[in-house]
Amino acid sequence: MDCIFCKIVRNEIPSVKVYEDDRVFAFLDINPLNDGHLLVIPKAHAENIHEITEADFVAVASATHKLAAAVKKALNPEGINLMQLNGKAANQVVPHLHVHIVPRWSGDGLTICKWELTAGDMERVTAIGEQIQQAME
Ligand code: 5GP
Ligand code: ZN
């Protein structure tokens, strides 16, 4: 597969690896938002949340849980953002599913996950909730 993250898994492109198991690979982001910015990916290529198998997503989640603990132990951040973007509209750039682990310190100047809260129209919120519940059936 001609995908930059598949090449990293195959070690055709170098990376600073921090974790690997039979399903998952994790490495430092080359453009870190903060010290310790990690990417956790499935070894099997899947572009996004709709393509990845449930088993691989569970494996990525489990590795993310372990790695967040290691980041806390190693760097003692005051917080951690987990981010996982799907599709260009959601700002996904690399088309191989990845979870970002971004250690945070107050006053670090990052603006990720900062948005204005505005009161929702509760009729619309409720109707959309019903639509999603029906789609779960
Ligand atoms: P996205 O916007 O798709 O969620 O983020 C992709 C991330 O992959 C970016 O944070 C970018 O810095 C990182 N990235 C892109 N190419 C490489 C690479 O070759 N090596 C590493 N380590 N990270 C990369
Ligand atoms: Zn890939």
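As the structure lists them, so they are numbered: ligands from 1, and atoms in each ligand from 1. As the structure is a prediction and not an experimental result, all values here were calculated from the model.
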Protein N/O/S atoms closer than 2.8 Å to the Zn ion (ligand 2), ordered by chain and number, come to Cys3 SG, Cys6 SG, His45 ND1, His96 ND1
**Message:** Just to check, does Leu33 reach to within less than 4.0 Å of ligand 1 when the distance is taken from its heavy atoms?
**Reply:** no
message: Within the structure provided, determine whether Ile80 and Val71 are in side-chain contact (heavy-atom separation under 4.5 Å).
response: yes
Q. Is the shortest distance from a Lys or Arg side-chain nitrogen in Asp2 or Lys7 to a carboxylate oxygen in the other one below 4.0 Å?
A. yes
**Item:** CD/Glu78: more than 12 non-hydrogen atoms of other groups inside 6.0 Å
**Value:** yes
Checking heavy-atom distances from atom 9 (C) of ligand 1 to each of Val99, Asp29, Val94, the winner is Asp29
key: His100, any N or O under 3.5 Å of ligand 1 N or O   = yes
A student comparing Ile30, Leu38, Val102, Asn91 should find that the heavy atom closest to atom 24 (C) of ligand 1 comes from Ile30
Closest heavy-atom approach to atom 22 (N) of ligand 1 among Leu28, Ile4, Leu97 is made by Leu28
ask   = If you count the non-hydrogen atoms of other residues, nucleotides and ligands that lie under 6.0 Å from CG in Asp21, is the total more than 12?
value = yes
- prompt: Would the number of heavy atoms belonging to other residues, nucleotides or ligands and lying under 6.0 Å from CD of Glu12 be above 12?
  reply: yes
Check your understanding: If we only count N/O pairs under 3.5 Å, is Val93 in contact with ligand 1?
Key -> yes
dist Glu20:CD -> Ile41:CD1 (nearest 0.5 Å) comes out at 10.0 Å
Would you check the N or O atoms of Asn31, main chain and side chain alike, for any that come under 3.5 Å of an N or O of ligand 1?
-> yes
